[in-house]
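Each remark here refers to the structure printed beneath this line.
In what follows, chains carry the letters A, B, and so on, assigned in the order in which the sequence lines appear, proteins first and then strands, with residues in each chain numbered from 1.
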Number of protein chains: 2
Amino acid sequence: MRFEAITIKDIAKALGLSTSTVSRALRDSYEISPETKQKVIAYAKENNYRPNPIALSLKEKRSSSIGVIVSEIANSFFSQAINGIESIANEKGYNVIIAQSKEELEREDSALQYLASRSVDGILLSVSSRTSNFDHIKKLYDRGMPMVSFDCLVDFEGIHKVMVDNIKAAYEGTEHLINKGFKNIACIASSSFLSITTERVKGYTAALHKYNQPIQTNNIEYIPHGGLIQEEIYEAMDRLMNQKEKPDAILACSDRITTNVMRYCQNKKINIPKQLGLIGFSNLDLTDLLTPSLSVVRQPAYEMGRAAADLLIKMLESKRAITEFENVVIPSTLIERDSSMQIKL
Amino acid sequence: MRFEAITIKDIAKALGLSTSTVSRALRDSYEISPETKQKVIAYAKENNYRPNPIALSLKEKRSSSIGVIVSEIANSFFSQAINGIESIANEKGYNVIIAQSKEELEREDSALQYLASRSVDGILLSVSSRTSNFDHIKKLYDRGMPMVSFDCLVDFEGIHKVMVDNIKAAYEGTEHLINKGFKNIACIASSSFLSITTERVKGYTAALHKYNQPIQTNNIEYIPHGGLIQEEIYEAMDRLMNQKEKPDAILACSDRITTNVMRYCQNKKINIPKQLGLIGFSNLDLTDLLTPSLSVVRQPAYEMGRAAADLLIKMLESKRAITEFENVVIPSTLIERDSSMQIKL
DNA sequence: TTGTATGCGTTATCAT
DNA sequence: ATGATAACGCATACAA
């Protein structure tokens, strides 16, 4: 037996009315008599009637659903962001369709095509770390697909953005290490062409500059796949640690980079923070247990998800010109560990 | 400007053909002349034509989408499971709509109604820890909605399940603690009426029995919200630690419970494993860094997601009787820490 | 106040 | 080999 939902037609037949009368009664139209209305609503309720959203979509040319493209769901930052997106979407009666780019350009593009063809009303996009060219995105945007770029940003005229103040976040993280007495701080970041990377590196160098520490280009490592591939981070660490003047601390500029730098240190038996200082961007749930070795820059993932979904849905539902909407910048949080809070492992 | 996709009608008009000819040409029907076919396909490709899945759904009475209900997306176990679900769905041309129950019965029920009304072809469900009664689920199932229950299981006649061998997992975890020399092992689990709970507790008691350790009911704590609420775990720990004969080790039966037991120990400055042994079910990405204090039972979340999605889609696409499909049991993994691999924190 | 007809995009059935 | 028409479920312009 196939699952069959009750339709307006069924109600009409059962009550000896026409479908339009039923439709109008259910939408509480003024043209319908109270008695009929009541009868229809009672029957609908009794039989658990729900309008078929597919038929509605076809008619209204909108699906009340928004698409989300992230690099990977199983990444705390994004699962928290999706959580935020979901909460807003739920409130406003939208549903969420999720697609993953897995940090690959082709997958990102096909996800984009897929969502467009699924008739989503709009798209929330955090680009993959391999996306150096935004043409495929701009093309869809120019065809009229509403979009909001969040976290890993797309940059072209008109597109709306929800972001954190990455410069400040990286600046504060670096400053924290400097204040702890580290003198030769390296930085591992994602792809060099991404805004989140250039901004975080900018914050890093700004802090070094402010505290009169030398800025060495061989102390900055860029990771092609944004940390998805462990080996790439290990290789970067190898390069850094094999320098003549090897760094005494690391600024790890993403969730995955942070985790894998810690793994590297564990494998190589490098003591954090005695042999190597570390501060990382991280949203993992357990980071608070890794005190006092790890101070983290926490990205407000949930809040970003909410802000991005809120902005997109406002754009969708407003008649105002799209240019009237403003980008959103959300502050990140530096979580400093107190050594006295140490868990004895 | 609103995003408008190209339709068969547009192609027909542009090429001076009828919609049915275009439709047939695109589906490579034998009745269409090669020239026409070629012309249509070329035009479609050039203009990036994609069939409108909404119209298709309305016609076919199927949406090529499956619904997933989990307690929370931002929980590593579920985000990994969703990852697995997504991978299978992608392969087979389905899309995934996700809903969260937040461990609340009403939210679970409304998610169920929502997905049914969204015309999903089937549902993957991990029940909330507050679901002691399956009537709302069975009702939908009996109306013909294909379902697969995974992880937190639903149990009624006919429903298909994808699960881990919880008894074995908990047995091995407990055995591990016993082998380390712990003599008074307590157990913190989720709601008492859930199969995952009863099975894990069964594995726990079986191990104690096997090694001739006393089984004390006040050494078993049940958490109403499955660990979503930190206080509930703290209270359980308080009760355990305030007993006259307080336990020397804990078996934590879920991801959230494990994390929060660790947090509790950190706050109370309880040394793991010197003052208190701990083994927990955990899927967090960072657990491998918490050596050697924490051996974990790792749930094969990704594999479960894949197995569940695979089973559901096979059920959807097969003409065979639903009873012919078999439940899937997936083994969990015990990850024992080697003290020599200690990260110096 | 209610009913009839149309269209959203697609395919299947029936013409031609 | 191609075209016209109906149907999926719904909302609505138009008729009565």
Indicate, yes or no, whether a donor-acceptor pair under 3.5 Å links the base of [N] to the side chain of [X].
X: B:S23; N: C:dT11; answer: no
X: B:S20; N: D:dA4; answer: yes
X: B:R50; N: C:dG9; answer: no

Under 3.5 Å side-chain donor-acceptor pair for [X] and [Y]:
X: A:S20; Y: A:S23; answer: no
X: A:E108; Y: A:T131; answer: yes
X: A:N90; Y: A:S87; answer: no

Does a side-chain N or O of [X] approach OP1 or OP2 of [N] to a distance below 4.0 Å, or not?
X: B:Y30; N: D:dT2; answer: no
X: A:S33; N: C:dT2; answer: yes
X: A:K61; N: C:dG9; answer: yes
X: A:T21; N: C:dT1; answer: no
X: A:Y49; N: D:dG9; answer: no

How many whole angstroms separate atom [atom1] of [X] from atom [atom2] of [N]?
X: B:K9; N: C:dG7; atom1: NZ; atom2: P; result: 8 Å
X: A:L15; N: C:dG3; atom1: CG; atom2: P; result: 11 Å
X: B:I32; N: C:dT11; atom1: CD1; atom2: P; result: 12 Å
X: B:R62; N: C:dG9; atom1: CZ; atom2: P; result: 21 Å
X: A:L58; N: D:dG9; atom1: CG; atom2: P; result: 12 Å
X: A:L26; N: C:dT1; atom1: CG; atom2: P; result: 17 Å
X: A:I8; N: C:dT2; atom1: CD1; atom2: P; result: 15 Å
X: B:K59; N: C:dG7; atom1: NZ; atom2: C1'; result: 15 Å

As a test of reading the structure: which of [options] is closest to the side chain of [X], going by heavy atoms?
X: B:R24; options: D:dA7, D:dA4, C:dG3; result: D:dA4
X: B:A55; options: D:dC14, C:dG9, D:dA11; result: C:dG9
X: B:S18; options: C:dT1, D:dA4, C:dG9; result: D:dA4

Is the closest basic N to carboxylate O distance between A:D142 and A:K138 below 4.0 Å?
-> yes

Under the ring-ring contact (aromatic ring centres under 6.0 Å, His included) rule, what do B:Y141 and B:F156 come out as? Steps first, then yes or no, please.
-> CA-CA 10 Å; B:Y141 181 83; B:F156 52 74; 5.2 Å; yes

Going through the checks in order, is the side chain to side chain donor-acceptor pair (under 3.5 Å) test met by A:H160 and A:E326?
-> CA-CA 7 Å; A:H160 284 78; A:E326 294 198 359; over 6 Å; no

Classify the nucleic acid contact of B:L17 as base, sugar-phosphate or nothing, counting any heavy atom under 4.0 Å across all strands shown.
-> sugar-phosphate

Indicate, with a heavy-atom threshold strictly under 4.0 Å, whether B:S57 touches base, sugar-phosphate, or nothing.
-> nothing

